[in-house]
Each structure stands twice: as structure tokens, then as C-alpha cells.
Amino acid sequence: MITKDRWFFAVSLVVSVLPFSVMAIALQFLPDEVPLLVILGEEIETVSKNRNLIIGLFCLVPVAAVLLAGYLRCRRVIERNFYAVTVGAMVISLAFLCFVLYQLVVQARKTEIIRGFDFVGVISVCLSYVVALLGVPLYGLKPNDSLGFRNAYTRDSVAVWTAVHRHCSLVMVIGFTVVGTVDSFLRGYVPLVILLAAAVLMILYSLFVSQRYAKKFAEEPDSVGDGRENL
């Protein structure tokens, strides 16, 4: 993918999971019973708040579409259709998001949201999505002394640096999007702990990948190139 396509994929993926993530976060402050049908301000029917997750599952359809489009784009099976699919997925997700927010406003009318709101958890979710988007510029990051996955293997070889950062770029985008979505269901400091654990695992994974590429390039010098063959 070119840089524009990578940004398009990352932003589309994060936008696509937002409705499901928002719905999961809302479960922490909604009452056990929420209105399903409201007519002229009167609650006609109420259901368990967990029924909201059924709506959230429909929100995952655009996520699957974005992941499939990204995979096919990497395989160069589609080009122009990649933008059509991702834009369509974002439009559907934004429509879902508006519907979800409307539902939550109606359902939370009688709830003291601020008192029961988990700010640490929400901040952790937001940070996860931000880190996921940071995976995009990581793809083309040049060797430097301050940013990136710097270890003995990447510092000694530009080819290893290039291959590792291109590989880990996609892992960060998808991995931390998943972390943010999972954290949406958790409360307290647990989401923050999971986020920090994911960051540590990402560093360890980059070290493992660096060692693997360094060994491969040492055994097959002709395959070094600029790391493109490792995408």
C-alpha cells in the first residue's frame, strides 16, 4: 500500500469499531433496564441494557469489510474498489454511531452519568486507538536515534530496520484497535493495565521480528534489498 492507502485503512478501521466501542463503554453507566420503545416521552417497553450489544454486533460488519478490503489491497487484487469499500464502511459506521448515540441519550435520561463514568477506562480506550493510528507513519519511518523500534538488530542494518517497521506497522494498527475494543468492556484500571501490557508485548514482538529478519538477511544476503520482499 502507498501511504494514503495505509492512512485510509487505519482511519477506516478505527472509525468502524467506534459504534461497538461506544456501546460497550455505555454499559457501565446505563441502568439494568433501559427503554426499548419511547412514545411522546413515555417508556412503553423496557429491556435489559445488554440487549444493546446485539446492535453493537451489527456494527462489526463494516469492520469485517475494511479488514477484507485492506487484505485484498495488500494482495493487489483491488485498487479503486478499495476506496469505495472503505468509504462505504465509514459511512455505515458513522450512521451506526449516530443511531447508537441517540439510543444512549434516550436510555440515559434518568442516569447520573458523570458519577458512574469510568474516565480511566475511556482514556485508555482512546489511547489505544491513537497508538493504532501511530502505526501508519511507523511504516515509512527512517532510521534515527529517537523514534521507532531501536535495538541491536535494527541499529546495525537499514534493511532490518525497514523490514521490521513495515511489518510492525500493520501489527500496531490492527493489534491496538483490538485492544481498544476489548478495553471498552472493562472497568477501572484494568484497561490501562492491558494497554501497557500490549505496549510491552509490542516491543518484545518487534525484538523477535528484528532477530528473525537479521538472521534471514545474514543467511540470504541476496534477499536484503530494501525490505520490500518482506511485506
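Leu170 and Leu134 sit in two unconnected hydrophobic clusters of ILVMFWY residues. Membership requires side-chain heavy atoms under 4.5 Å apart, directly or through other members. Residues Val178 and Val61 do not share a hydrophobic cluster, defined by chaining ILVMFWY side chains whose heavy atoms lie under 4.5 Å apart. Both Val160 and Phe208 are part of a single hydrophobic cluster, where members link through side-chain heavy atoms under 4.5 Å apart. Hydrophobic clustering, with ILVMFWY side chains joined whenever heavy atoms are under 4.5 angstrom apart, keeps Met172 apart from Val130.
For Tyr139 against Ser169, the heavy-atom pair with the smallest separation is CB-OG, 3.5 Å. Of all heavy-atom pairs between Val158 and Pro143, the closest is CG1-CG, 4.3 Å. Nearest heavy-atom pair, Tyr129 versus Ser184, reported as atom, atom and distance to 0.1 Å: OH-OG, 4.3 Å. Minimum heavy-atom separation, Phe149 to Leu138: CE1-CD2, 3.3 Å. The minimum heavy-atom distance linking Pro62 with Ala89 is given by the pair CB-O, 3.6 Å. Between Ala10 and Val136, the shortest heavy-atom distance links the atoms CB-CG2, 3.2 Å.
Interatomic distance, Trp161 CH2 to Arg150 CZ, rounded to the nearest 0.5 Å: 6.5 Å. Atom-to-atom distance recorded for Lys142:NZ and His165:NE2 is 11.5 Å, nearest 0.5 angstrom. Leu133 contributes atom CG, which lies 12.0 Å from atom CZ of Phe176 (distance to the nearest 0.5 angstrom). With values rounded to the nearest 0.5 angstrom, Ile123 atom CD1 is found 12.5 Å from Asp183 atom CG.
A donor-acceptor contact shorter than 3.5 Å is absent between the side chain of Ser157 and the backbone of Tyr153. Judged by distance alone, the side chain of Thr181 and the main-chain N or O of Thr177 form a donor-acceptor pair under 3.5 Å.
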Table please: side-chain donor-acceptor pairs of residues 193-207 below 3.5 Å, with sequence neighbours left out.
| residue | atom | partner | partner atom | Å |
| --- | --- | --- | --- | --- |
| Tyr205 | OH | His167 | NE2 | 2.6 |
| Ser206 | OG | Ile203 | O | 2.6 |

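Using a 4.5 Å cut-off on side-chain heavy atoms (C-beta onward), Leu67 and Phe9 make contact.
In summary, the side chains of Ser210 and Asn151 do present a donor paired with an acceptor at a separation below 3.5 Å, with no hydrogens or angles considered.
Taking Ser12 as the reference, nothing meets the side-chain hydrogen bond (donor to acceptor under 3.5 Å, both in side chains) condition, with sequence neighbours excluded. By the salt bridge (charged side-chain N to carboxylate O under 4.0 Å, His left out) test, Arg212 pairs with no residue at all, sequence neighbours left out.
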